[in-house]
Amino acid sequence: MTPRPTKVCIIGAGCSGITTAKRLQDYGVAYDQFELSDDVGGNWYFRNPNGRSAVYESLHIDTSKTRLQLEDFPVPDEWPDFPSHRLMHDYFRAYVEEFGLRGGIEFGTAVERAVRRDGGWDVTLSTGETRSYTDLVVANGHHWSPRLPDYPGTFDGVLLHSHDYVSPFEPVEIRGKRVIVVGMGNSAMDIASELASPWMAQTLYVSARRGVWVLPKYRNGQPADKVMAPPDIPKDVALAASRELIRNLVGKMSDYGLPEPDHEPLSAHPSVSADFLTKAGSGDIHMLPAIERLDGLTVHLTDGSSVEADVIICATGYDMKFPFFDDAETDLHPDDDHRYPLFKRMIKPGVDHLFFMGLAQSSPTIVNLAEQQSKLLARLLTGSYELPSVEEQQRIMVADEQAHLEQYYAAKRHTIQIDFARYCLDLSDEIAAGEERAKASA
Ligand SMILES: Cc1cc2nc3c(=O)[nH]c(=O)nc-3n(C[C@H](O)[C@H](O)[C@H](O)COP(=O)(O)OP(=O)(O)OC[C@H]3O[C@@H](n4cnc5c(N)ncnc54)[C@H](O)[C@@H]3O)c2cc1C
């Protein structure tokens with residue numbers, strides 16, 4: 001196949017954007033990269049002036065260092081197993097310096113509009129300029145648009161999303177307050193554990209619609225994600241073994257005073273915490289059912305009871321959003337159930353020259369996902385990989401979704417789940433198949 005002329009636009013310089021840029025640079029593909037902030041790092045840039053980072057002061061990544069590292073840029077040996085957001089940001093800054101990527105990023109420049117035209121995209125920037133590209137790479141992240149519950153009634157205290165939580169003292173002083181953390185995902189685990197010390201919140205409640213399995217960060221002295229089942233074991237066998245192991249490791253959630261989950265271990269995106277179970281077992285975390293309505297400082301719950309609260313922190317997740325696509329282009333936005341199916345979680349079948357990077361809830365890591373995806377992208381753009389037909393992409397996409405999602409209960413938070421290791425194995429098979437197709441049609 002003769003490579004077609006390309007000029008690529010990359011939206012975003014978080015870890016997904018910078019590893020994509022590195023790959024395109026390696027393959028000699030021309031690109032422009034736009035970043036609305038003043039630095040790389042995206043979510044891992046604490047107090048990012050773009051207002052989109054959800055990093056709180058005490059955050060350490062839940063993925064261990066060897067699982068998150070980029071394959072051509074190992075993390076420093078002296079790093080702890082679970083680095084802080086500061087180390088993560090330093091790492092991404094060092095990456096762009098090492099590979100000479102910084103000069104290719106136009107900082108302080110947002111992509112405000114991306115419009116399809118024959119053979120490419122017209123991209124309008126916050127500078128007012130419009131530039132034309134053959135291909136558009138979307139790496140704008142999917143943890144920046146808070147999903148807030150819409151409770152009936154009014155609340156006279158402070159209600160915020162975990163996205164805006166910085167520390168026990170910012171944006172609201174927590175000491176001595178009655179606090180409800182809503183949700184039992186990873187941010188809820190961290191924030192509830194941080195605020196549950198007796199000298200911190202007066203009372204710390206966690207409100208949840210259902211119980212979850214809380215998994216430890218370590219197993220036998222090793223980061224738990226280092227000892228996951230290898231991806232070449234059949235999934236049902238690996239899943240059954242992992243579920244049994246988790247049950248044996250943590251026991252019953254009710255033993256800690258927590259609600260029993262109504263699902264199997266690993267039927268939800270893992271909630272990982274070293275501290276939460278101990279705090280719950282020590283009586284510092286009080287569980288509540290879901291919130292039904294608000295009235296002054298009274299919070300009414302679905303079981304008919306109520307509590308008084310001063311602060312509600314909703315750790316209730318994020319919506320995928322692509323504000324640079326026109327609202328009328330409904331096929332470019334997630335549906336009402338927050339579904340956004342993609343071929344190999346990168347490509348909308350039938351929408352030419354558009355690629356999404358890092359757009360998956362990948363367990364145990366998103367950090368190096370785009371690094372793997374960019375292998376397919378770079379080959380496609382330089383002609384050594386050819387996509388299957390649109391019909392075949394659709395068929396594979398449906399089968400892949402079924403394979404990746406069937407273990408999870410249906411919920412908005414589980415529409416883009418993948419198992420990183422299995423995904424990568426499958427992606428390399430797809431790259432090999434596409435290389436054969438490209439050779440055959442040469
Ligand atoms: C609290 C929290 C904890 C997390 N913990 C983990 C974890 O343990 N392990 C893990 O793997 N992941 C974790 N994540 C997920 C996290 O999103 C990823 O690790 C990673 O940040 C994804 O990188 P990204 O480049 O895709 O997106 P981001 O980091 O969000 O970067 C996107 C970049 O695009 C830029 N941008 C957006 N729109 C535009 C535009 N229109 N024009 C120009 N630039 C734009 C933004 O400014 C930003 O710099 C966590 C997320 C949160 C919120």
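Counting starts at 1 for both ligands and their atoms, following the listed order. In what follows, every heavy atom counts, from backbone to side chain, and hydrogens, waters and symmetry copies are set aside.
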Location of contacts on Tyr45 toward ligand 1, heavy atoms closer than 4.0 Å: neither

In the protein, what heavy atom is nearest to atom 47 (O) of ligand 1, and what distance, to one decimal place, separates them? Glu35 OE2, 2.6 Å

Return yes or no for this condition: an N or O of Arg52 is under 3.5 Å from an N or O of ligand 1. yes

Which atoms of ligand 1 are found less than 4.0 Å from any heavy atom of Thr63? 7 (C), 8 (O), 9 (N), 10 (C), 11 (O)

Would Thr6 and Thr134 count as having a side-chain donor-acceptor pair, cut-off 3.5 Å? no

Select one of side chain, backbone, both or neither to describe which atoms of Val367 lie under 4.0 Å from any atom of ligand 1, heavy atoms only. both

Using distance alone, determine whether Leu36 and ligand 1 share an N or O pair under 3.5 Å. yes

Listed once per pair and sorted, the salt bridge (Lys or Arg N to Asp or Glu O under 4.0 Å) pairs that draw on residues 189-216, sequence neighbours left out: Arg210-Asp262

Near Cys15, which atoms of ligand 1 are under 4.0 Å from a heavy atom of that residue? 20 (C), 22 (C), 23 (O), 25 (O)

List, one per line, each side-chain donor-acceptor pair under 3.5 Å for residues 236-244, sequence neighbours excluded.
| residue | atom | partner | partner atom | Å |
| --- | --- | --- | --- | --- |
| Ser242 | OG | Ala238 | O | 2.8 |
| Arg243 | NE | Pro265 | O | 2.7 |
| Arg243 | NH2 | Ser267 | OG | 2.9 |

Show which atoms of ligand 1 fall inside a sub-4.0 Å distance from at least one heavy-atom site of Gly42. 29 (O), 31 (O), 48 (C), 49 (O)

Taking only heavy atoms of Ala54, which atoms of ligand 1 are found under 4.0 Å from at least one of them? 53 (C)

Would you check the N or O atoms of Trp144, main chain and side chain alike, for any that come under 3.5 Å of an N or O of ligand 1? no

Under 3.5 Å: N/O of Ala110 near N/O of ligand 1: no

With a 6.0 Å cut-off on the ring centroids, do Phe356 and Tyr340 count as close? yes

For Trp44, which part has a heavy atom under 4.0 Å from ligand 1: side chain, backbone, both, or neither? side chain

